[in-house]
A.B. asks: 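Below are the structure tokens for one structure; questions will follow.
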Amino acid sequence: MNRLQGKKILVGVSGGIAIYKTLTLLSLLNKLGAQTRVVMTAGAGEFVTPLTFQTMSKNRVYMDLFSEEDHFIPHIDLTRWADVFLIAPATANILAKMAHGISDDLLSSTALAAHCPVLVSPAMNVVMYRNPATQENIQVLRNRGIGIIEPESGLLACDEKGEGRMPEAQDLAEVLDHFFSPKDLDGVSLLVTGGPTREMIDPVRFLSNRSSGKQGIAIAREAVKRGGDVTFVHGPLQAPVPKGVKDVPVTSTEDLYLALKDRFEATQALIMAAAPADMTPVQYMDQKMKKGEKVGNFSLALKETTDVLKTLGAEKKGQVLVGFAAETQFVEEYAKKKLKEKNLDFIVANDVSARGAGFAGDTNIVTIFTKEDREDLPLQSKEEVARVIVDRVVLALQEKGIRR
């Protein structure tokens, strides 16, 4: 289920060049089913007209501090209506006003009278952002419990480089999704793995598989949103590592095993979404093989890698252990066999030859098996699959008495 569906989001807009991203954000939030209203400063109106924001939010825009209609007082009643108040962009000026309790326009007055949680997304020139006054104001707001969305670094509109860029609309929507996520993993330590491993043949060649790491990334991101202390151990990925995790990149299956072995005892759950190689070359060649050095067909001697999940399953002491089974045939049979042999709490199985469920895509079709039952999930995004998996982990933690 979309966490933003039906949520009431008040968006404050101050006068910064990043304001165009707020228009995109409003469009995205409405597509996600959120209700939005906008409070603008006069400076914001110099960049984009109120009519444009009214069109994007599908509600009237508020700018006048002294307006009152049908006993609706905007700076009081808007945040009574809202589930969250997001100010984006938040200029140095509005941050200073908020830090010092100045309320000389509708936006600053609404911030001062806020009845709901407040998030701000600072956006300005790098020199203004780094100015001690701005940094002190941000710290004052942070100490008061206002959520600070850290700006990004890069090329700014003024052609300078550094901090001060407002995140993109999709990233701000992700922040809001994070805000509305249940914090049912608060204080829980989790290991999540993702991606393939690589077994080196020589300095330039390796054995691997087609795993992209996207499902592991989605699980790690979901666990962080829900308050988990997440360590993400992964091979090469085809998507960015999620923010908020402890990032542990590895190469081979043995690297993966050692990284998990060192951390397994201190964790409460391991979600093994990685696709480690089952075989590795018997001998590593120090120099790149040349085609002319071999006559006829070439044979590569292989040996089995460590069965990471089975080894850890034999050592587990109350941890929740989740495995994956990416199969092309006999999916249920193989999944149930792994569930038992590897001492798992549950296993997530899929037929990677099925359309929409293969490697590198953004969707998946999985079945979750426990010792007692199964749950068949329809075709859906890997983010939605991740949410169901984490829900199952939370339930398993509760059953073990690790979470209430």
Side-chain angles (χ1 to χ4, degrees), residues 4-124 137-138 141 144-149 166-167 169 172-173 175-177 179-180:
L4 296 180
Q5 179 71 42
K7 298 300 183 185
K8 299 174 182 177
I9 302 172
L10 180 62
V11 179
V13 189
S14 57
I17 193 64
I19 196 170
Y20 71 92
K21 296 181 180 180
T22 313
L23 291 171
T24 306
L25 174 64
L26 287 168
S27 176
L28 180 57
L29 291 177
N30 284 325
K31 288 177 182 176
L32 292 170
Q35 301 177 50
T36 58
R37 293 185 181 181
V38 176
V39 178
M40 293 178 65
T41 65
E46 294 295 317
F47 287 90
V48 178
T49 66
L51 179 60
T52 305
F53 275 101
Q54 180 174 307
T55 302
M56 299 306 289
S57 70
K58 298 179 173 56
N59 278 303
R60 67 162 291 185
V61 170
Y62 298 87
M63 293 185 71
D64 186 359
L65 176 60
F66 300 103
S67 67
E68 180 181 352
E69 297 179 9
D70 297 327
H71 304 290
F72 184 86
I73 305 172
H75 72 284
I76 301 296
D77 293 328
L78 281 172
T79 60
R80 283 179 176 161
W81 166 84
D83 295 311
V84 66
F85 183 16
L86 169 66
I87 302 176
T91 60
N93 186 49
I94 189 63
L95 294 173
K97 287 182 179 182
M98 291 173 67
H100 295 281
I102 297 172
S103 55
D104 60 355
D105 62 9
L106 182 56
L107 180 57
S108 57
S109 297
T110 305
L112 190 62
H115 289 76
C116 65
V118 179
L119 306 174
V120 297
S121 181
M124 65 201 74
N137 290 334
I138 289 173
L141 297 178
R144 290 179 188 163
I146 290 175
I148 307 298
I149 303 169
M166 190 168 85
L172 291 174
V175 169
L176 291 169
D177 184 86
F179 174 81
F180 288 113

A.B. asks: I need the Asp105 CG to Met63 CE distance, nearest 0.5 Å.
C.D. replies: 9.0 Å
A.B. asks: List the atom of Ile138, the atom of Pro122, and the distance in Å for their closest heavy-atom pair.
C.D. replies: CD1-CG, 4.3 Å
A.B. asks: Under the side-chain contact (heavy atoms from CB on, under 4.5 Å) criterion, do His100 and Asn137 qualify, and how do the steps go?
C.D. replies: CA-CA 8 Å; His100 295 281; Asn137 290 334; 3.2 Å; yes
A.B. asks: Test side-chain contact (heavy atoms from CB on, under 4.5 Å) on Phe180 and Val84; report intermediate values, then the result.
C.D. replies: CA-CA 9 Å; Phe180 288 113; Val84 66; 3.8 Å; yes
A.B. asks: Would you confirm whether Thr79, through its side chain, and Ala82, through its main-chain N or O, come within 3.5 Å as a donor-acceptor pair?
C.D. replies: no
A.B. asks: Roughly how far, to the nearest 0.5 Å, is the CD1 atom of Ile149 from the CG atom of Leu86?
C.D. replies: 5.0 Å
A.B. asks: Between His115 and Ala113, is there a donor-acceptor pair closer than 3.5 Å when you use the side chain of the first and the backbone of the second?
C.D. replies: yes
A.B. asks: Evaluate the side-chain proximity of Ser14 to Leu107: yes if any heavy-atom separation is below 4.5 Å, no if none is.
C.D. replies: yes
A.B. asks: Say whether, by atom type as modelled, one donor and one acceptor occur between the side chain of Asn30 and the main chain of Leu26 under 3.5 angstrom.
C.D. replies: yes
A.B. asks: Does any non-hydrogen side-chain atom of Ser108 lie less than 4.5 Å from one of Ile94?
C.D. replies: yes
A.B. asks: In Å, rounded to the nearest 0.5 Å, how long is the span from CD of Gln35 to NZ of Lys58?
C.D. replies: 12.5 Å
A.B. asks: For residues Asp104 and Lys97, report the shortest heavy-atom separation together with the two atoms involved.
C.D. replies: OD1-NZ, 2.7 Å
A.B. asks: For Arg37 and Lys8, indicate whether the former's side chain and the latter's backbone hold a donor-acceptor pair under 3.5 Å.
C.D. replies: no
A.B. asks: Could you measure the distance from the CD1 atom of Ile19 to the OG1 atom of Thr24? Nearest 0.5 Å is fine.
C.D. replies: 11.5 Å
A.B. asks: Tell me the closest heavy-atom pair linking Met56 and Ser27, and the distance in Å.
C.D. replies: CE-CB, 3.4 Å
A.B. asks: Hey, could you give me each pair passing ring pair (Phe, Tyr, Trp, His ring centres under 6.0 Å) that has a residue in residues 28-63? Not counting sequence neighbours.
C.D. replies: Tyr62-Phe72
A.B. asks: Hey, mind stepping through Met124 and Leu95 against side-chain contact (heavy atoms from CB on, under 4.5 Å) and telling me if it holds?
C.D. replies: CA-CA 11 Å; Met124 65 201 74; Leu95 294 173; 3.8 Å; yes
A.B. asks: Using modelled atom types only, decide if a donor and an acceptor are shared between the side chain of Asn59 and the backbone of Thr36 within a distance under 3.5 Å.
C.D. replies: yes
A.B. asks: How many angstroms lie between CD1 in Ile87 and CG in Leu141, if you round to the nearest 0.5 Å?
C.D. replies: 9.0 Å
A.B. asks: Are Val38 and Thr22 close enough, and set up right, to give a side-chain contact (heavy atoms from CB on, under 4.5 Å), and what steps lead you there?
C.D. replies: CA-CA 10 Å; Val38 176; Thr22 313; over 6 Å; no
A.B. asks: Donor-acceptor pair, Ser121 side chain versus Met166 backbone, under 3.5 Å?
C.D. replies: no
A.B. asks: Hey, could you give me the OG1/CE distance between Thr110 and Met98, rounded to the nearest 0.5 Å?
C.D. replies: 10.5 Å
A.B. asks: Less than 4.5 Å apart, side chain to side chain, heavy atoms only: is that true for Ile148 and Val120?
C.D. replies: yes
A.B. asks: Locate the shortest heavy-atom distance separating Ala173 from Leu25; write the atom from each residue and the value.
C.D. replies: N-CD1, 3.9 Å
A.B. asks: Is the shortest heavy-atom distance from the side chain of Cys116 to the side chain of Leu10 under 4.5 Å?
C.D. replies: no
